[in-house]
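This report concerns only the one structure given below.
Counting starts at 1 for both ligands and their atoms, following the listed order.
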Amino acid sequence: MKIAVLPGDGIGPEIVTEAVKVLRALDLKFDIEEAPVGGTAYDAHGHPLPDATLKLAQAADAILFGAVGDWKYDKLDRPLRPEQAILGLRKHLGLFANFRPAICYEQLTHASSLKPELVAGLDILIIRELTGDIYFGQPRGRRVAPDGHFPGAEEAFDTMRYTRPEVERIARVAFEAARQRHKRVTSVDKANVLETFQLWKDVVTEVHQDYADVALDHMYVDNAAMQLVKEPKKFDVIVTGNMFGDILSDEASMLTGSIGMLPSASLNSQRQGLYEPSHGSAPDIAGKGLANPLATILSAAMMLRFSLNQPEAADRIETAVKKVLAQGLRTPDIYSEGTTKVGTREMGEAVVKAL
Ligand code: NAD
């Protein structure tokens, strides 16, 4: 089992170190190799995704990724910015399916910004299409506006687009995932306004004919954003496009108590995957030992389940995380009165001990 470990910037190295400790504590043999990515890679090699890092990622069965980015790189040309590394990896590896489970652990119902009764027992899965939509669509750029409200003024534009096969494959991923859960899919679109999402809705409806055992409903994205905070437990699997998924999954993270709890998996059609916490590099707390490593540790569990075919080891890690929460250990982002505040390393080591 070959794992490429790409810690990245900010809190990336701190949280990835803890996840690797947890992997090494399992009685499994891994071939783990580390490489620079993001701003760290730019500083050392002049590019956020050096060739050697990309080759290592391509040759691995799975990639454990920390986070990239720091304000100090904001003035670089866009192709050299740290965030391009993650977009590049998604594109080169064809990682089109992003899984973001939002689970509210029993012990953290009070850490959520919503009332405990709204989030207690929450377990939803957001499946976000990851290689299409307005984030990748061409053409894009800046120009002098040829028409519109202010012809002749400077304007910027991006292109939202999806092809039928792109929607078909992500819809299948969602229906298959729902079959392993509560058999309900909500497809989120904006078909009332956007052509792209009318196609999305039509294709999802067609694919649904192959999954009669799964219930499907459609929801506009503005309503979905509202329902997520009004009655989040009514969702099972949400499937949506790249941009809507980006926004809704961050919103869902707050239901779970902290973005520091939210793992993610991005898979291609061979089930090779990149596993990372849903949060960024948190430059505001980097190097202080304050970051919550649990999202990264839970991402490692997803890696064992989805790419490395080790579901029992994945279960063991998830159980260990629950145990540590039950012991009352909390990093500052999930701390509440009556619990014990710990740092990044203590939290990682507590999970190892619980294993
Ligand atoms: P962020 O997710 O890094 O941080 C948002 C807030 O959440 C901050 O207050 C931070 O301290 C807190 N936070 C995040 N992770 C935490 C953890 N594990 N434990 C405790 N608190 C945590 O988002 P941002 O501040 O908008 O972005 C910072 C940088 O990260 C930017 O350069 C951005 O482009 C980048 N980013 C990278 C990724 C990625 O690598 N996949 C994703 C999102 C943002």
For [atom], find the nearest protein heavy atom and state the residue, atom name and distance (0.1 Å precision).
atom                    : result
atom 15 (N) of ligand 1 : His279 CG, 3.1 Å
atom 7 (O) of ligand 1  : Ile259 CG2, 3.9 Å
atom 3 (O) of ligand 1  : Ala282 N, 2.8 Å
atom 22 (C) of ligand 1 : Ile285 CD1, 4.0 Å
atom 41 (N) of ligand 1 : Glu276 OE1, 3.1 Å

Does a sphere of radius 6.0 Å around CD in Glu195 hold more than 12 heavy atoms from other residues, nucleotides or ligands, not counting ones at 6.0 Å or beyond?
->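 Not buried by this count: 12 neighbours or fewer within 6.0 Å.
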Just wondering, more than 12 heavy atoms not from Lys91 lying within 6.0 Å of its NZ?
->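 No - once you tally the heavy atoms of other residues, nucleotides and ligands closer than 6.0 Å, there are 12 at most.
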Distance only, no hydrogens: is a donor on one side chain within 3.5 Å (strictly under) of an acceptor on the other, for [X] and [Y]?
X      : Y      : result
Glu129 : Thr131 : yes
His218 : Thr205 : yes
Asp246 : Tyr135 : yes

Considering [options], which one's heavy-atom position lies nearest to [atom]?
atom                    : options                       : result
atom 43 (C) of ligand 1 : Ala291, Pro283, Gly280, Gly10 : Gly280
atom 11 (O) of ligand 1 : Ile15, Ile86, Asp284          : Asp284
atom 30 (O) of ligand 1 : Gly69, Gly38, Pro332, Ser281  : Ser281
atom 16 (C) of ligand 1 : Leu294, Ile11, Leu89          : Ile11

Is there side-chain contact between Asp222 and Met226, with at least one heavy-atom pair below 4.5 Å?
->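 With C-beta onward as the side chain, the pair stays apart.
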Of the side chain and backbone of Asn292, name the one, both, or neither that has a heavy atom under 4.0 Å from an atom of ligand 1.
->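 Both of them.
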Can you check whether Glu276's main-chain N or O pairs, donor with acceptor, with Ser299's side chain at less than 3.5 Å?
->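 Checked: pair present.
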Number the atoms of ligand 1 from 1 as they appear, then name those within less than 4.0 Å of a heavy atom of [X], with their elements.
X     : result
Asp70 : 32 (O)
Glu83 : 31 (C), 32 (O), 33 (C), 34 (O), 35 (C)
Trp71 : 25 (O), 27 (O), 28 (C), 31 (C)
Val68 : 30 (O), 35 (C), 36 (N), 37 (C), 40 (O)
Ala67 : 40 (O)

Are there protein heavy-atom neighbours of atom 38 (C) of ligand 1 below 4.0 Å?
->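 Yes, at least one protein heavy atom sits under 4.0 Å from atom 38 (C) of ligand 1.
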For the side-chain contact (heavy atoms from CB on, under 4.5 Å) test, which of Pro36, Pro82, Pro48 pairs with Asp9?
->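 Exactly one pass, corresponding to Pro82.
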Looking only at N/O atoms, are Ser278 and ligand 1 under 3.5 Å apart anywhere?
->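 Min N/O separation from ligand 1 is not below 3.5 Å for Ser278.
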Cation over ring, Lys341 on Tyr335, under 6.0 Å and within 45°?
->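 Yes, Lys341 and Tyr335 form such a contact.
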Are Arg143 and Phe157 in a cation-pi contact, defined as NZ or CZ under 6.0 Å from the six-membered ring centre and within 45° of the axis?
->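 Yes.
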Should the pair Phe306 and Tyr275 be assigned to parallel (<30°), tilted (30 to 60°) or perpendicular (>60°) ring geometry?
->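 Judged by the thresholds at 30° and 60°, the geometry between Phe306 and Tyr275 is parallel.
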